[in-house]
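Chain identifiers are assigned alphabetically (A, B, ...) following the order of the sequence lines, protein sequences preceding nucleic acid strands; residue numbering begins at 1 within each chain.
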Protein chains: 2
Amino acid sequence: MSAVEEAFHGLRRMISSGRLGPGQRFPPEADLCAELGVSRSSLREAVRMLSALGAAESRHGSGVYVSALRPEDIIGSLALTVDLLPLSGLLDMYELRRVLESHAAAQAAARSTDDINDRLDALLDALEACDDIEESAQLDSEFHETIATASGNPTMVALLGVFRARSRSYQMFGMPDGRSIKRTSDQAHRSIAHAIRVHDPVAASSAAASHVAQTETWLRFYRPQPTGGSHSTIGDGSGGDVDDGNVDGGSSEASGAVGS
Amino acid sequence: MSAVEEAFHGLRRMISSGRLGPGQRFPPEADLCAELGVSRSSLREAVRMLSALGAAESRHGSGVYVSALRPEDIIGSLALTVDLLPLSGLLDMYELRRVLESHAAAQAAARSTDDINDRLDALLDALEACDDIEESAQLDSEFHETIATASGNPTMVALLGVFRARSRSYQMFGMPDGRSIKRTSDQAHRSIAHAIRVHDPVAASSAAASHVAQTETWLRFYRPQPTGGSHSTIGDGSGGDVDDGNVDGGSSEASGAVGS
DNA sequence: GAAACCTAAGTCGTCTGATGACTTTGTAGC
DNA sequence: GCTACAAAGTCATCAGACGACTTAGGTTTC
């Protein structure tokens, strides 16, 4: 095992063994080097890995700390890399998103309060009145996040957040049929919100599933122009019912707009 | 922005802009340092981050390469850190697992072939005949992975694999009622496999959901002894219907056994 | 001519030392 | 008590050197 791997697993073990708990501070770099038997460079690379994965956090001048170790922290670490996936892979993710979003809507319907329902309605009012592409994307995202939060599972919020962040790179509302797409999307949102308000989990679930599936279809057939550039599609020949022909992959730099 | 972050985003942009595609090689370290304006140490830390997240791969003597950028690659990077989560967080993840496992079973039921059905039956025969805790865990895991694979979505396979890897740290079959638990688990597996064989997605879905929920209940109330040590539970006061009282968190070092 | 071997260049992996920046703590002064 | 300041502790970054590994190309051998 290389020096960096050695250090990485050593640090990891300090947490998994219970020696260090969430929020606690690691010993100083010098001590860690001595204990793990590696140089400072290698140790630092190992710490970077742990912090990229959301399990540790380095504070300049203070020390290296174990993160809070909430599932959200770990899952959130995906956010910076899902952006890099080509579109063909994104479609696989949409199947997961559809299932989870649907479940979240059902849970939200079972547990919704007046506060939540009012907030959802307010967001939809603003969204329908909104003409700006970027702002629409933001409101759309908040709508879905509110539902996820209402479902009561922070891990779900984080995972759906990651999926949503990825979608944002596509100019869905900016596509040729943008206005028509947005109208359809607005209606779907109303259906979901209504089902949640009347505590109908089954209706909420299917409305959400249908909404995500619709978005997926737009993505697949309209082939939106990515905003940051494009790279070649990778061939993973196992997409199930996913027609992964020569769909071009792309990725986000400028933040575009999204319909989801 | 710090030097390492600068470098990290620079590297990331090389991919997202389309300048480098999956499998392609980055310029040598020296060139990257010059282009990004950072020292070699900082650059290397940035590369480590990217590789920890599954987006790049460094090969000694050869160069740094962009990964295949399949969703599995990215999601698989979670495997090394979910082990660190305390039990309270794990229960949130089980809700996601239940939903996804259930969906995968339904998809598998719709698409199962003779090969798959035979393989599932063979695994269950072996599992029921098996007395060794560790081997049981392995067979159990293969059973679930086969179903996920049959569902046709590699991203799902990867995500469920991550969840499963985490479960393995708990000695479920080794608990006081281990034999009884394993019998119940075996029966549930048979139900799932049967529903898949007869192409009944609804039955497969509910059988799988029920199986995961059962496992979740065992985990929550039996409080298995973690094998590697334990750390204090973190309080996230938002577990939905999850009763996150003073359940002790733990983590894996020795590979224990699992029922799932 | 083909295969095996060898050599050299290119590249990453690791270590060491030095300097700067930031945080924290304790102390002195008011 | 509060502020200001100084000192110690800690991480951030850079630079240089050497070793290990891979790759490519040429050479030898059969």
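- Although no hydrogens or angles enter the test, the distance criterion places a donor-acceptor pair under 3.5 Å between the side chain of B:N153 and the main chain of A:D92.
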Step-by-step side-chain contact (heavy atoms from CB on, under 4.5 Å) determination, A:E145 to A:L160:
CA-CA 8 Å; A:E145 180 166 14; A:L160 287 178; over 6 Å; no

Polar atom pairs between nucleotides 20-24 of chain D and protein, under 3.5 Å, N or O only, would you list them?
from, atom 1, to, atom 2, distance (Å)
D:dA20, N3, B:H60, NE2, 3.2

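- Nearest heavy atoms, A:R12 versus B:L84: O-CD2, 3.7 Å.
- Scanning all heavy atoms of the two residues, the minimum distance from B:A7 to B:S42 falls at CB-O, 4.5 Å.
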Walk me through it: do B:L90 and B:L87 pass the test side-chain contact (heavy atoms from CB on, under 4.5 Å)?
CA-CA 5 Å; B:L90 182 61; B:L87 179 54; 3.6 Å; yes

Could you give me the CA-CA distance, side-chain angles and deciding distance for B:Q138 and B:E134, then say whether side-chain hydrogen bond (donor to acceptor under 3.5 Å, both in side chains) is met?
CA-CA 6 Å; B:Q138 177 62 30; B:E134 200 132 342; over 6 Å; no

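- A 4.0 Å heavy-atom criterion places the boundary nucleotides of DNA chain C facing chain A at C:dT14 to C:dT24, written 5' to 3'.
- For the segment residues 37-57 of chain B, the set of residues with a heavy atom within less than 4.0 Å of an atom of DNA chain C comprises B:R40, B:R44, B:R48, in numerical order.
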Please step through side-chain contact (heavy atoms from CB on, under 4.5 Å) for the pair B:M156 and B:L159, ending with a clear verdict.
CA-CA 5 Å; B:M156 176 103 67; B:L159 191 52; 5.9 Å; no

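- The residue from B:H103, B:E95, B:R98 that alone fulfils the side chain to side chain donor-acceptor pair (under 3.5 Å) condition with A:H103 is B:E95.
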Check step by step if side-chain contact (heavy atoms from CB on, under 4.5 Å) holds for B:L85 and B:M93.
CA-CA 10 Å; B:L85 296 177; B:M93 274 193 0; 3.9 Å; yes

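- Checking side-chain atoms of A:R25 against main-chain N and O of A:S62 turns up a donor-acceptor pair under 3.5 Å.
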